[in-house]
Amino acid sequence: MTGATPSRRTIISGFAALPMAACGQKSKSQDLPTPVDPPPLKSLAPFPFGCAVSVERLSDPVYSALLTRNFSQLTAEWEMKMEYILQDDGSFRFDRPDRIAAFARDNRMRLFGHTLVWYAQDPAAFRPFDGRGPVFAGALRNYILAVVGRYRGQAVGWDVVNEPVAEQGDGLRDCLWSRNLGQVDYIRRAFDYAREADPEVPLLINDYNLESLPAKRSQFMRLVETLLKSGTPLGGIGTQSHIDVSLPAGAIGRSMRDLASFGLPIHISELDISLNRGRGPLSSDEQLRVRQVRLAKEMAEAFAALPPAQRFAFTTWGLRDKDSWLRGPKENPTPPWDAPLLFDDDGRAKPVFSAQAEGLTASAALRRPSA
Ligand code: G3I
């Protein structure tokens, strides 16, 4: 967990003490103060704040300083997935995952494991086992034992299965794993293998559009119920929260309450708030940014309102806007460039930072009796 949490008064004074001038020029809308030298994000609430990282970015000292100041948990954006670890010949490479793990350890940060089994990854190394049930299962078990076992005692949790629900929520995904081991059985097996590798670590299931697609959320919840009833060692729920400015007010709160109804820890696992994806033909930049700020505050309030035992972590999917996957590949970023994260390309906190901070510090759930 993060360090001692300042009392609410400290946090408020932390902001209130900032002379308005220090909050930079208010934009046309009074709701968009841009903080100057804001308190560290991780100091604003008594739960972990995560960020998606890559080895390449961690080697940038400016990036690392901003990251370690504000966050207390790391998720490998891609280098702890099969696509990096599992070589075509079936061998494993851990150089980059180990560097991320070492960075977390050296900076006293939590390491969250993402992800063991994902429909989007069907590596060549599994081709020889395709259709050969027990042999296929054995290869998957070997992979999970190797990866989870390697970070046993350091990883604070794992996305064991990523995105198991079909795009629109009409059933579960058909994929290499479901075709070989059964549509729910591959999920159960993955959790059992991860539990075999580490008897303690929280094991999560992770999906997206749970806020925006109630049908998908219902399907996801039916899957969670099925897994729990069958004794699967499911220890938490990840809601990726790749949301955009078209998300209606109230959708986040409804989703959070539904997902929290199992009593399991909740991980906001990949938060970004896209301006582009929700850009309607009539939306001005100003309108988009006001909506983005509103959603950031709503997400923070909804998470902060959870019981402490259910606040696993609050993770954003990248540090600065230019680090976001929504910008497309570096080689040909997709204009109009999106601005979905808390810090701008130069590492300056944006209005969404203020809004998220406001959502956290205004939350009665976090309010401590004034000292
Ligand atoms: O950095 C290498 C580069 O050196 C190499 O030349 C190039 C071509 O092979 O690959 C580059 O790595 C890419 C990496 O992103 C960094 O940009 C990988 O190929 C590419 O597969 C990887 O994409 C990641 C994607 O998951 C697939 O793993 C994205 O960064 C990452 O943001 C995205 O994250 C997913 C979550 O895991 C699940 N939820 C949705 C989310 C967004 O799609």
Name the orientation class of the two ring planes belonging to [X] and [Y] (parallel below 30°, tilted from 30 to 60°, perpendicular beyond 60°).
X    : Y    : result
H242 : W317 : perpendicular
Y84  : W78  : perpendicular
F129 : F126 : perpendicular
W118 : H114 : tilted

State plainly whether the residues [X] and [Y] are in salt-bridge range, i.e. N to O under 4.0 Å.
X    : Y    : result
R93  : D95  : no
R150 : D98  : yes
D321 : K350 : yes
D338 : R327 : no
R57  : D60  : no
R173 : E167 : yes
D159 : K81  : no

With Y193 as reference, evaluate R189, E196, R195 under the side chain to side chain donor-acceptor pair (under 3.5 Å) test and give the passing residue.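 It is R189; the other options fail the test.
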Qualifying residue, where the test is side chain to side chain donor-acceptor pair (under 3.5 Å) with S269 and the options are T315, N162, T75, N206: N206
Ring centres under 6.0 Å, that's the criterion: do W177 and F136 meet it?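 That pair passes the under 6.0 Å test.
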ring-ring contact (aromatic ring centres under 6.0 Å, His included), paired with F312, selected from W158, F47, F112: F112
Using the side-chain hydrogen bond (donor to acceptor under 3.5 Å, both in side chains) criterion, which residues pair with W325? Sequence neighbours excluded.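 By the side-chain hydrogen bond (donor to acceptor under 3.5 Å, both in side chains) rule, W325 matches D272.
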Using only heavy-atom distances, determine whether the side chains of R188 and S230 contain a donor-acceptor pair under 3.5 Å. yes
Pairing donors with acceptors under 3.5 angstrom, does anything connect the side chains of E79 and S54?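 There is no such pair (donor and acceptor under 3.5 Å, judged by atom type) between the side chains of E79 and S54.
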Kindly indicate, with the supporting measurements, whether the criterion side-chain hydrogen bond (donor to acceptor under 3.5 Å, both in side chains) is fulfilled by D89 and S91. CA-CA 6 Å; D89 65 1; S91 63; 2.6 Å; yes
For the backbone of T239 and the side chain of H267, can you confirm whether one donor and one acceptor N or O come within less than 3.5 Å of each other?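 No, the answer is negative, given that no donor and acceptor are paired below the 3.5 Å cut-off.
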Look only at the side chain of N107 and the backbone of M109, and say whether a donor-acceptor pair between them is shorter than 3.5 Å. no
Enclosure of R294 CZ (heavy-atom neighbours >12, cutoff 6.0 Å):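 Result for CZ/R294: enclosed.
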Counting only heavy atoms not in R277, do more than 12 fall under 6.0 Å of its CZ? no
Looking at every non-hydrogen atom in both residues, tell me the closest pair between A197 and G149 and how far apart they are. CB-N, 3.9 Å
Do L67 and L58 make a side-chain contact, defined as non-hydrogen atoms from C-beta onward lying under 4.5 Å apart? yes
